[in-house]
Chemist: 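Can you read through this structure? Questions will come right after.
Quick caveat, the model's predicted, so the values are computed rather than measured.
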Amino acid sequence: GILPFMPTEGHIIKAIKAAVKSGKLAKEFRAADVKKVLGKDWKIGNFFSKHRVGNGKYTEHFENIDWGLWRLKQSK
């Protein structure tokens, strides 16, 4: 369905964390996996690379494991 709002960074992060916690999304995932779980209307584009560890500008939420493969940033 069509989302009634444009998801913000916070919405997307919360939804991904909830999906991983519930087991709907594997701990290591690709953008396509996230879109399958959250729905095709979630525009995630370059969200993971933009918020990767070491990006130098934006809040760090993801670790890049391999080409196109991500996981949530590990708590220290």
Side-chain angles (χ1 to χ4, degrees):
I2 301 297
L3 291 174
F5 60 90
M6 177 60 99
T8 64
E9 173 186 337
H11 290 118
I12 296 170
I13 294 299
K14 285 179 185 176
I16 291 171
K17 285 182 177 181
V20 170
K21 187 175 181 181
S22 72
K24 290 180 181 176
L25 184 65
K27 290 183 180 184
E28 296 181 358
F29 49 83
R30 297 185 183 282
D33 302 327
V34 174
K35 289 190 92 148
K36 283 180 190 172
V37 172
L38 300 186
K40 64 179 173 52
D41 295 326
W42 287 68
K43 306 291 184 211
I44 54 175
N46 67 344
F47 190 77
F48 300 110
S49 58
K50 182 176 174 183
H51 292 285
R52 75 186 185 287
V53 171
N55 72 70
K57 185 174 180 183
Y58 299 99
T59 308
E60 298 179 348
H61 295 294
F62 304 102
E63 295 176 346
N64 186 225
I65 300 168
D66 199 355
W67 182 256
L69 188 63
W70 304 91
R71 70 176 171 211
L72 290 165
K73 179 181 168 186
Q74 304 295 303
S75 300
K76 301 269 181 206

Chemist: When the ring planes of Phe47 and His61 are compared, do they come out parallel, tilted or perpendicular, using 30° and 60° as the limits?
Modeler: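 Judged by the thresholds at 30° and 60°, the geometry between Phe47 and His61 is parallel.
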Chemist: Got Asn64 and Phe48 here, is their nearest side-chain heavy-atom distance under 4.5 Å?
Modeler: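 The answer is no, as the side chains (C-beta and beyond) never meet within the 4.5 Å cut-off.
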Chemist: For Arg71, what residues pass the salt bridge (charged side-chain N to carboxylate O under 4.0 Å, His left out) criterion, not counting sequence neighbours?
Modeler: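 Per chain and number, Arg71 pairs via salt bridge (charged side-chain N to carboxylate O under 4.0 Å, His left out) with Glu63.
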Chemist: Are any non-hydrogen side-chain atoms of Arg30 and Asp33 less than 4.5 angstrom apart?
Modeler: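 Yes. Closest side-chain heavy atoms under 4.5 Å.
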Chemist: Got a second to check how far Lys50's NZ is from Asn55's CG, nearest 0.5 Å?
Modeler: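 Lys50 NZ to Asn55 CG: 9.5 Å, rounded to 0.5 Å.
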Chemist: Looking only at heavy atoms, what is the nearest atom pair of Ala19 and Val37, with distance?
Modeler: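 Taking every non-hydrogen atom into account, CB-CG1, 3.8 Å.
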Chemist: Could you name each residue pair satisfying salt bridge (Lys or Arg N to Asp or Glu O under 4.0 Å) that touches residues 51-62, not counting sequence neighbours?
Modeler: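 Matches after skipping sequence neighbours: Glu60-Lys73.
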Chemist: Give, for atom CD1 of Ile13 and atom CG of Leu72, the distance between the pair rounded to the nearest 0.5 Å.
Modeler: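 Result: 7.0 Å between the selected atoms.
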Chemist: Does Phe29 reach the side chain of Ile16, with side-chain heavy atoms less than 4.5 Å apart?
Modeler: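 Answer yes - side chains close enough.
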Chemist: To the nearest 0.5 Å, how far apart are OG in Ser49 and CZ in Phe62?
Modeler: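 Spacing of OG (Ser49) from CZ (Phe62) equals 10.0 Å.
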